[in-house]
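Single-structure report; data block below.
Lettering of chains follows the sequences in order, A, B, ..., and the numbering in each one begins at 1.
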Amino acid sequence: MAKEKAARVIYWHRTDLRLHDSPALQAALDLEPECLWPVWTWDSHYVYRARVGPNRWKFLIECQKDLSASITKLNPKSQLFVLREAPQTLFPKLFRSWRVTHLVFEKDTDAYARERDEMILKFAQEAGVEVIVKTGRTLYDPDLLVKENHGKPTMSITTVQNLAKKLGTVPRPIPAPRTLPDPGHTDIDFEQERPCHTPDHNNVQRNQADNSYSTLSGPFDDFSVPTMEELGLKPATTPHKGGETVALRMLDEIIKNKDYTATFEKPKTAPTAFSPQATTLLSPYLHFGSLSCREFYWRVQDIVNSYKGNASFPPVSLTGQLLFRDMYFGAQAALGYSFGQSYNNPYCRFIPWHLPSKINTAKKLITGEYEIDSPVAEEYFQRWKQGRTGFPWIDALMRQLKVEGWIHHLGRHAVACFLTRGGCYVDWERGAEVFEEWLIDHESACNIGNWQWLSCTAFYSQFYRCYSPIAFPQKWDKEGHFVKEFVPELERFETKYIYEPWKAPIVDQKKWGCLIKGDRPVEEGGYKTYPKPMFDFSERREICINGMKNAYQIGLFGDDPKVLDGTWRELFDNSAEGPTKGKQGPPGAMVGEDATQDSGGSEAKATRKRRGGTQSTLDALLKRSRQ
DNA sequence: TTTGATGTTGCGATT
DNA sequence: TAATCGCAACATCAA
C-alpha cells in the first residue's frame with residue numbers, strides 16, 4: 001500500500017548503538033523519510049530498576065556519544081537525540097508534537113522490553129503511527145528459534161546448532177548508511193513527566209544528586225548525552241571504552257590474527273590472562289549493539305572458510321560463542337519473566353539455596369530482596385562479593401570484576417561455582433544480581449543462563465564436576481601473576497603458596513610483608529594482612545555435592561506446586577543443606593505479613609524438637625570451627 | 001519405550 | 001610436560 005504522505009520517522013535506538021549492519025535502521029531509511037530523528041529515551045526502568053554500576057553507565061554513555069558523533073558526521077544537522085523521559089509517557093506526546101508517521105526499532109525480547117514495546121505499539125496505533133520492528137540483536141530471531149523448537153525454550157547447544165541448520169545461513173551484514181536524512185523540528189510543546197524514583201536500586205551507585213530527569217532535553221537544551229556527573233554517579237574505574245568506533249577497530253585487530261580467529265577454542269583460553277586477555281572482550285559491544293553480531297560472525301566465518309590449517313568448530317569456536325548467546329536469548333524468549341528466577345520456572349531445578357529470594361506470590365515474581373536464612377551464608381556472600389574470601393583466585397577475580405567490569409568466562413565459572421554448588425551454597429540469584437551490577441557486558445539472558453548453568457539448576461547438571469579454587473588456576477597460571485596483579489597484598493609471596501597463602505610459615509609471611517589473618521585486608525603493625533580462608537574448601541565441597549545430590553533426587557522444579565506454596569520442605573530432611581528446617585511453610589520465600597517469620601506452625605516446631613535441633617550443616621560447621 | 005551417546009571448558013592419578 | 005583415564009553420576013536427545 002503506497003503511503004500518501006512523506007514519512008516522518010523516529011528511529012528508536014535501544015539495543016543497537018551503531019550504524020553498521022542495522023536491519024531496523026535500513027528499514028527506516030527504506031521509507032525514504034522526509035525527516036528522521038535518531039532517538040534515545042532515558043528509560044526509568046534502567047535508571048532505577050535495573051542494577052547498573054558506574055562502569056556500565058560510563059560504557060553506555062561512551063557508546064551513545066560515539067554514535068551521536070557518527071550520525072553528525074553523516075548529517076551535521078542530526079545527532080542522537082536523548083530525551084529524558086520514560087518511553088511509555090513520552091512517545092504519545094512526541095508522536096503528536098512532531099507529527100510522526102513511523103516508529104522503527106530493533107526487536108528486543110527480554111520480559112520487560114516486551115511489555116514496554118507492547119505498550120508503545122498500542123500508543124502508536126492510537127496515534128496512527130506505523131511501527132516497524134526488525135531483528136538484529138542476535139544471529140536468529142529468538143522467537144523464530146523458539147517456534148522451530150516447537151515452542152520450547154532452547155536449552156542445549158546441540159539443539160541450537162540443529163535449529164540453525166534448519167533456519168539457514170546467517171544473513172550477511174548491511175553496510176552503514178552513507179547519508180542520513182535531516183531530523184524534523186525538535187520543539188517541545190508539552191510537559192515533561194518525571195518517572196517514579198522508587199524503588200531505586202541504583203542509589204548506591206551515586207554520590208551526588210540525581211539529575212537524570214532535570215529537564216527533557218538536558219541542561220543545555222540540546223538533547224545531548226548526559227554526563228556521569230549529571231546522573232550523580234560515582235566515578236567509573238574500568239579501563240574499557242565503549243563505542244562503535246572502538247568496537248570495529250578491535251574487531252579489525254582480532255581478525256588480523258588469522259590463526260587466533262580460525263582456531264579459537266574457548267575452553268583453551270586462559271582465564272588468568274590479562275593485558276591482554278585471552279578472549280576478544282567484544283561482549284560489552286555486542287550488548288550495547290555497538291558491534292553487530294552478524295558483522296562479527298561473518299568477519300570470523302570468512303577467515304575460517306579460507307583457513308589452510310585446522311580450524312575450530314562450534315560450539316567451542318568464536319562463532320560458537322554467538323550460538324550460545326542465541327541459545328540463552330531463545331530460552332529467555334520462551335520463558336519470559338520466569339526465566340530470570342527459580343520460582344515458577346519449569347526449566348529450573350529447585351535447590352534449597354541459602355539466601356533465597358523473597359517472592360511476591362501473587363505476581364509469582366522475585367522482589368529483588370532476599371531472606372537471610374543463615375548469618376554465616378550471608379557472611380560468605382559478602383566476603384565473596386567484596387573479594388575477601390581468603391582464596392586468592394576467587395578474590396582476584398571478584399576484585400577484577402568490580403574494578404574493570406569484565407572477567408574471563410572461565411573466571412565467571414570459577415566464582416559462580418564457588419558461590420553456589422561448589423562452596424557457599426548461596427542462591428544463584430544473589431550472584432546474578434552482583435554480576436548485573438558490575439559487568440559492563442551484562443546481558444540479562446546470558447547472565448541468567450550462565451548462572452543457572454554453573455549452579456546446575458538448568459542447562460547443565462554435572463554437579464560433581466566442581467571447580468577447585470586451587471587446582472584450577474594452577475593449571476593456567478603456575479606463577480600466580482593474575483593473583484599478584486589483583487591481590488597486591490600477596491605480590492611478594494612465593495609461587496608455591498600463591499593459591500594457598502595460609503600454608504606459608506609465619507616467618508615467611510613476615511618476610512613477604514603480609515600476614516594471613518582476620519577476615520579482611522588491613523594494615524597492621526607495619527604489615528599488610530590478607531584474610532584466612534573462610535572455610536575448608538574440601539569440606540564445603542563435600543557438603544555442597546551431598547546437598548545437590550539430595551536435591552536432585554527429590555527432583556523438584558521451579559513450577560512444582562510444592563515449590564510454589566512452600567511445602568517443598570516436607571520432602572527435605574531438616575538437616576539437609578540450605579534453609580530446610582521445618583516442614584511447612586514458605587516462610588523465607590513469602591512477601592507480606594508472614595514473610596519475616598522464621599518457620600512454620602506447631603507441627604514444624606514439633607518435628608524440629610524430635611529431630612533434635614534445627615541447625616543447618618553450615619551453621620554447625622561454623623560452630624565447630626570456632627570451638 | 002528403551003537404549004546408548006552426549007554434554008563448550010573438572011580433578012587427580014597415572015603414564 | 002602433556003595426554004589419558006577413572007571417577008561417580010544424570011538429564012537430555014536421537015535413534
Can you find a pair of side-chain heavy atoms, one from [X] and one from [Y], that are under 4.5 Å apart?
X	Y	result
A:Val426	A:Trp384	no
A:Tyr347	A:Lys152	yes
A:Phe486	A:Phe274	yes

Criterion side chain to side chain contact (heavy atoms under 4.5 Å, CB included) against A:Leu439, the qualifying member of A:Asn447, A:Val52, A:Asn55: A:Asn447
Option among A:Arg18, A:His20, A:Met250 that satisfies the side chain to side chain contact (heavy atoms under 4.5 Å, CB included) test with A:Leu291: A:His20
Atom [atom1] of [X] and atom [atom2] of [N]: how far apart are they, to the nearest Å?
X	N	atom1	atom2	result
A:Trp393	B:dC11	CH2	P	10 Å
A:Gln474	B:dG10	CD	P	17 Å
A:Tyr464	B:dG12	OH	C1'	16 Å
A:Ile157	B:dT9	CD1	P	12 Å
A:Leu410	B:dG10	CG	P	8 Å
A:Lys475	B:dG12	NZ	P	11 Å
A:Leu323	B:dT9	CG	C1'	16 Å
A:Arg412	B:dT9	CZ	P	17 Å

Whole-angstrom distance between [N] and [M], as gauged at atom [atom1]:
N	M	atom1	answer
B:dT8	C:dG6	P	22 Å
C:dA9	B:dT2	P	24 Å
C:dA8	B:dG7	P	23 Å

Using purine N1 to pyrimidine N3 plus N6-O4 or O6-N4 for Watson-Crick, or N1-O2 and O6-N3 for G-U wobble, each under 3.5 Å, what pairs with [N]?
N	value
B:dG7	C:dC10
C:dA3	B:dT14
C:dA15	B:dT2

Answer with base, sugar-phosphate or nothing: what part of the nucleic acid does [X] contact at a heavy-atom distance below 4.0 Å?
X	result
A:Asn450	nothing
A:Glu265	nothing
A:Arg349	sugar-phosphate
A:Lys268	nothing

Working for side chain to side chain contact (heavy atoms under 4.5 Å, CB included), residues A:Leu139 and A:Arg325: CA-CA 9 Å; A:Leu139 297 179; A:Arg325 190 167 167 269; over 6 Å; no
Set of residues satisfying salt bridge (charged side-chain N to carboxylate O under 4.0 Å, His left out) with respect to A:Asp559, sequence neighbours excluded: none
Check: A:Tyr380 ring centre within less than 6.0 Å of A:Tyr425 ring centre: no
For DNA chain B, the residues among residues 453-462 of chain A that have a non-hydrogen atom under 4.0 Å from it: A:Trp453, A:Tyr460, A:Ser461, A:Gln462
Parallel, tilted or perpendicular: rings of A:Phe391 and A:Phe535 (30°, 60°): tilted
Aromatic plane relationship, A:Phe493 with A:Trp512 - under 30° parallel, 30 to 60° tilted, over 60° perpendicular: tilted
Closest-nucleotide 5' rank along DNA chain C - winner of A:Gln553 and A:Lys478: A:Lys478
Range on DNA chain C touched by chain A - first to last nucleotide, heavy-atom distance under 4.0 Å: C:dA8 to C:dA14
